[in-house]
2 protein chains.
Amino acid sequence: MGYAFGVDEVAGAIADPVRREILAMLRERRMSAGQIADRFAISRPAVSRHLRVLRASGLVHDELTGRRRFYRLDPAPLARLAEWLTPFVADHPASAAWSRRFDALETEVYRTRRDRRRTPAGEPPAGTGRGPATKSVRPSTKDGGEERSA
Amino acid sequence: MGYAFGVDEVAGAIADPVRREILAMLRERRMSAGQIADRFAISRPAVSRHLRVLRASGLVHDELTGRRRFYRLDPAPLARLAEWLTPFVADHPASAAWSRRFDALETEVYRTRRDRRRTPAGEPPAGTGRGPATKSVRPSTKDGGEERSA
DNA sequence: CGAAAGCGTAACCCATTGGTTACGGATTAG
DNA sequence: CTAATCCGTAACCAATGGGTTACGCTTTCG
């Protein structure tokens with residue numbers, strides 16, 4: 001029980017560079033579909049479908065706000081993937097500690113979720129510097145004062 | 001430098017249940033292409049191509065012995081995948097310890113390899129109990145005394 | 001109310017994937 | 001030498017995947 005999304009979906013989702021990039025972006029802050037799409041050179045519908053894949057794999061959750069749809073990360077499925085690959089890396093290095101961490105993750109994630117919801121304020125750190133590598137033009141999106149819209 | 005196989009290939013490789021199963025089998029002992037194929041319901045050429053994918057991703061290495069081709073696991077690429085997903089799980093749980101483990105892995109793997117070569121004896125524990133779930137008939141393979149052939 | 005913004009979906013294309021059967025090359029057995 | 005084994009590759013096919021453009025629905029703005 002409890003295993004809704006399989007390793008297949010998660011691994012398949014991660015196998016695409018665009019989707020990995022999206023996940024990386026979402027790690028810092030939640031973003032609307034348009035904000036995400038603006039950072040890639042591909043068309044918006046293409047991004048939309050990537051988002052559908054991520055949704056189907058459980059890696060992101062979407063919440064509709066007005067006419068925009070915001071996506072936020074849910075790392076839990078990644079934990080399951082990590083769980084799968086644990087025995088491979090755990091064969092000889094230290095083993096037990098790993099599973100522990102993953103075990104704790106799903107719980108942690110839950111708490112995290114609450115925290116995020118209580119911190120909808122503007123633009124955290126803005127990140128590691130890892131640019132999208134694809135486009136990152138960010139044209140005049142007119143969304144200057146995003147996020148605090150509601 | 002150094003990074004020959006990307007996350008794309010590795011994630012793509014493990015996205016398939018057959019290939020994951022193969023990796024799991026290879027975790028216990030090296031196996032010939034035929035031995036592997038015998039454990040699946042699909043045709044042997046199909047398995048052969050799965051093996052090609054695994055080879056291309058660096059997850060297995062092959063060594064030709066007589067008319068048989070043996071495959072053995074190389075977990076190192078998995079470590080790189082784990083490396084990628086670390087920041088996602090490390091955001092809130094403890095973080096540093098992880099990277100350490102992965103760092104050590106590639107080295108450990110190397111040692112492991114040597115150990116395996118020095119322990120070619122018959123049938124280890126037979127594993128976690130996770131059967132192939134597909135066929136697992138293991139017909140009279142005629143390979144009764146395998147492995148110590150050399 | 002109309003016009004524009006924001007986003008998902010549909011229809012279509014081409015490249016890739018996973019499966020099948022048929023084949024060929026190398027090695028071992030008789 | 002001839003036959004059988006082991007295993008990869010080729011050719012073919014149905015299904016998937018990722019991209020594009022065209023469209024339609026809902027929500028906001030003027």
Side-chain angles (χ1 to χ4, degrees), chain A residues 8-22 30-57 60-72 134-135 138-150, chain B residues 8-22 30-57 60-72 134-135 139-147 149-150:
Chain A
D8 285 56
E9 288 76 17
V10 179
I14 291 179
D16 186 283
V18 172
R19 289 194 288 264
R20 279 202 308 279
E21 181 60 38
I22 292 177
R30 76 172 195 174
M31 295 177 72
S32 72
Q35 290 175 341
I36 296 172
D38 282 343
R39 302 221 180 183
F40 293 94
I42 62 180
S43 71
R44 194 186 49 68
V47 173
S48 189
R49 284 211 317 204
H50 280 300
L51 289 172
R52 174 160 53 182
V53 173
L54 290 174
R55 246 182 290 135
S57 72
V60 302
H61 290 237
D62 62 312
E63 43 191 303
L64 206 48
T65 304
R67 60 184 164 182
R68 288 184 297 180
R69 185 182 298 268
F70 283 98
Y71 288 90
R72 74 185 153 66
T134 18
K135 193 192 195 180
R138 191 145 53 136
S140 53
T141 323
K142 199 183 300 180
D143 277 311
E146 68 204 15
E147 197 69 308
R148 68 184 65 220
S149 56
Chain B
D8 284 57
E9 287 77 17
V10 179
I14 68 175
D16 185 283
V18 171
R19 289 194 289 264
R20 279 202 308 279
E21 181 60 38
I22 292 177
R30 76 170 194 174
M31 295 176 71
S32 71
Q35 290 174 341
I36 296 172
D38 282 342
R39 303 221 179 182
F40 293 94
I42 61 179
S43 71
R44 194 187 49 68
V47 174
S48 189
R49 285 210 318 201
H50 280 301
L51 289 172
R52 175 161 50 181
V53 173
L54 290 174
R55 245 182 291 134
S57 71
V60 302
H61 290 238
D62 61 310
E63 43 192 304
L64 206 48
T65 304
R67 60 183 165 182
R68 287 184 297 179
R69 186 182 296 266
F70 284 97
Y71 289 91
R72 74 184 154 69
T134 17
K135 194 189 189 180
S140 52
T141 324
K142 196 183 302 180
D143 278 308
E146 67 205 15
E147 197 69 312
S149 56

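Computed from heavy atoms alone, side chains included, the values below leave out hydrogens, waters and symmetry copies. So that the names make sense, note that chain A is the first sequence line, chain B the second, and so on, each numbered from 1.
- Here R52(B) lies in heavy-atom contact (under 4.0 Å) with sugar-phosphate atoms only.
- Put simply, S32(B) has a side-chain N or O that comes within less than 4.0 Å of OP1 or OP2 on dC7(D).
- The side chain of R19(A) lies closest to dG18(D) when the candidates are dG8(D), dC7(C), dG18(D).
- Across the protein-nucleic acid pair, L51(B) atom CG and dC6(D) atom C1' stand 13 Å apart, rounded to whole Å.
- For the pair D16(A) and G66(A), nearest-nucleotide mapping onto DNA chain D gives the more 5' position to D16(A).
- Residue S57(A) comes nearest to A13(A) through the heavy atom pair OG-CB, 3.8 Å, listed as atom of the first residue, atom of the second, then distance.
- Heavy-atom distances to DNA chain C give each of P45(B) and R49(A) a nearest nucleotide, and the one nearer the 5′ end belongs to R49(A).
- Listed nucleotides dT21(D), dC7(D), dG18(D) differ in distance to S43(A); the shortest reach to its side chain belongs to dT21(D).
- dT5(D) atom P lies 13 Å from atom CG of D38(B), rounded to whole Å.
- Of all nucleotides listed (dG19(D), dC7(D), dG8(C)), dG19(D) comes nearest to the side chain of I42(A).
- R19(A) places a side-chain N or O within 3.5 Å of a backbone atom of G12(A) that can act as its donor or acceptor partner.
- Proximity of Y71(B) to the phosphate of dG8(D): a side-chain N or O atom is located under 4.0 Å from OP1 or OP2.
- Ranking dA29(C), dC7(C), dG8(D) by closeness to the R67(B) side chain, first place goes to dA29(C).
- Counting any heavy atom pair closer than 4.0 Å across all strands shown, A46(A) reaches a base atom.
- Taking atom CZ on R44(A) and atom P on dG18(D), their separation rounds to 18 Å, with Å as the unit.
- L54(A) places its CG atom 10 Å from the P atom of dG18(D), with the value rounded to the nearest Å.
- Atom pair R69(A):CZ and dT27(D):P shows a separation of 11 Å (rounding to whole Å applied).
- Counting heavy atoms from C-beta outward, V47(B) and R39(B) have side chains that stay 4.5 Å or more apart.
- Remark: C1' of dC6(D) and CE of M31(B) are 14 Å apart, rounded to the nearest angstrom.
- In terms of modelled atom types and a separation under 3.5 Å, the side chain of R72(B) and the main chain of H61(B) share no donor-acceptor contact.
- Both A33(A) and V53(B) lie close to DNA chain C; mapped to their nearest nucleotides by heavy-atom distance, the more 5′-ward contact belongs to A33(A).
- Side chains of E21(A) and F40(A) form a contact here, defined as non-hydrogen atoms less than 4.5 Å apart.
- As rounded to whole Å, 15 Å separates atom P of dT9(D) from atom NE2 of H50(B).
- Between the CG atom of L64(A) and the C1' atom of dC7(C) there is a distance of 9 Å, given to the nearest Å.
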